[in-house]
Amino acid sequence: MSEKIPHSLIRTTESFIRDEFYGEGTGHDWFHIDRVRRSALQIALEEKGDPVMVELIALLHDLGDRKLHHGDENAAPRLIRSFLDSQGLESHLTEHIIHEIVSISYKGESGETKPGTLEGLIVQDADRLDAIGAIGIARAFAYGGARDRLLYDPNDPPRTGMDAEAYKNHKSHTVNHFYEKLLLLHQRMNTATAQRMASDRHRFMEGYLAQFFDEWNGRA
Ligand code: ADP
Ligand code: NI
């Protein structure tokens, strides 16, 4: 399928996305997209995914994300379609890419959606790897700060089992985000390569939270 994607489109997409996302302040900046692109390509090499399709999906995966557009679910299809149409990509390829991207995003513990192709699954893994570990911790608190959320509130325990609707409407402090998403991700990686990459990052978050609570409770 990706033989129809010219290399020049990858370069144009990269420069468009770099300009759009460079200084984004909620942890979805250009360097997030670039890390996702690089780890997706690394996973694709091991898992034999198509690198051109992987790179294009990775570069576009956060364009129009509802979190960055006041909850608007239509922003992603609209913006991705408008960009790819302007580049003259065949419309069935554009629709395929949109279909993969809208299913990548996390939608709650019981609201999981999966991309339909290996390339989409690889980008979902890479996006999730960047949500955990040391960088994942930094991104979570950056997002919480940008949205005026508390670091932690012991009176507001995490919710389990949220479906897509509940997850979308749920607003809580950032420590809850670890229990409602970040600590669940290592078991939800699609590829064996990403499962391996996730395990150290997962352990690091567990250690971090243990230290966080020790300090909170005056034990450290
Ligand atoms: P996804 O599409 O799966 O949500 P993104 O690349 O859009 O993945 O980034 C998600 C990241 O945004 C989370 O991993 C976290 O860092 C941050 N984030 C999203 N929601 C919250 C929240 N409620 N609290 C803290 N961080 C959040
Ligand atoms: Ni992302």
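Residues take their numbers from the sequence shown, with the count starting at 1. Note: hydrogens, waters and symmetry copies are ignored here, and every other heavy atom, side chains too, is used. Both counts, for ligands and for their atoms, begin at 1 and track the order of listing.
Neither the backbone nor the side chain of D130 comes within 4.0 Å of ligand 1, counting heavy atoms alone. The part of H32 lying near ligand 1 is the side chain, judged by heavy-atom distances below 4.0 Å. With a heavy-atom cut-off of 4.0 Å, D65 touches ligand 1 through its side chain alone. Heavy atoms of T26 found under 4.0 angstrom from ligand 1: none, in either backbone or side chain.
In summary, H28 places no N/O/S atom under 2.8 Å from the Ni ion (ligand 2), failing the contact criterion. Not a single N, O or S atom of D130, from either the backbone or the side chain, sits less than 2.8 Å from the Ni ion (ligand 2). Distance check for D65 against the Ni ion (ligand 2): none of its N/O/S atoms falls below 2.8 Å.
Here the side chains of Q42 and R38 are not in contact, with every heavy-atom distance at 4.5 Å or above. With contacts defined as side-chain heavy-atom distances shorter than 4.5 Å, the pair S110/E112 does not qualify.
Looking only at heavy atoms of the protein, atom 13 (C) of ligand 1 is closest to K181 NZ, 3.5 Å. Looking at atom 4 (O) of ligand 1, its nearest protein heavy atom turns out to be K67 NZ, 2.8 Å. If you check which protein heavy atom lies closest to atom 2 (O) of ligand 1, you get S105 OG, 2.5 Å. From the protein, the heavy atom lying nearest to atom 8 (O) of ligand 1 is D127 OD2, 3.2 Å. Protein heavy atom in closest approach to atom 20 (N) of ligand 1: H177 CE1, 3.4 Å. For atom 3 (O) of ligand 1, the closest non-hydrogen atom on the protein side is Y106 N, 2.9 Å. If you check which protein heavy atom lies closest to atom 5 (P) of ligand 1, you get H28 NE2, 3.3 Å. At the top of the distance list for atom 25 (C) of ligand 1, counting protein heavy atoms only, stands A140 O, 3.4 Å.
Contact analysis leaves K171 out of contact with ligand 1, as no non-hydrogen atom separation drops below 4.0 angstrom. Ligand 1 has no atom lying under 4.0 Å from any heavy atom of L68. The closest approach between R149 and ligand 1 falls below 4.0 Å for a heavy atom of the residue. Using a 4.0 Å cutoff on heavy atoms, G27 does not count as a contact of ligand 1.
Each of F178, W216, F141 was checked for a ring-ring contact (aromatic ring centres under 6.0 Å, His included) with Y152, and the lone residue meeting it is W216.
In this structure, H99 places its NE2 atom where only 12 or fewer heavy-atom neighbours from other residues, nucleotides or ligands lie under 6.0 Å away. The 12-atom threshold is exceeded at NE2 of H92, counting heavy atoms of other residues, nucleotides or ligands nearer than 6.0 Å. For K67, the NZ atom sits in a packed shell: over 12 heavy atoms of surrounding residues, nucleotides or ligands are nearer than 6.0 Å. Atom CG of D148 has 12 or fewer heavy atoms from other residues, nucleotides or ligands within 6.0 Å.
The heavy atom nearest to atom 26 (N) of ligand 1, considering only F178, Y143, Y167, is found in Y143.
A distance below 6.0 Å separates the ring centres of Y22 and F31. Ring-centre distance between H61 and H32: below the 6.0 Å cut-off.
With respect to the Ni ion (ligand 2), H32 has NE2 as its nearest N, O or S atom. Residue-level check: among N/O/S atoms of D62, OD2 sits closest to the Ni ion (ligand 2). Within D127, the N, O or S atom at minimum distance from the Ni ion (ligand 2) carries the name OD1.
In terms of polar-atom proximity, T174 is not counted as a contact of ligand 1, lacking any N or O under 3.5 Å from an N or O of the ligand.
A salt bridge is defined here as a Lys NZ or Arg NE, NH1 or NH2 lying under 4.0 Å from an Asp or Glu carboxylate O, and R128 with D125 fails to meet this definition. One finds a salt bridge joining R81 and E95 here, because a Lys/Arg side-chain nitrogen approaches an Asp/Glu carboxylate oxygen to under 4.0 Å.
Residue contact check: A131 has heavy atoms under 4.0 Å from atoms 14 (O) of ligand 1. Less than 4.0 angstrom separates some heavy atom of L182 from each of these atoms of ligand 1: 14 (O).
Looking at Q195 and H186, their side chains never bring a donor and an acceptor atom within 3.5 Å of each other.
A cation-pi geometry, defined here as NZ or CZ lying under 6.0 Å from the six-membered ring centre and within 45° of its normal, does not hold between R18 and F16.
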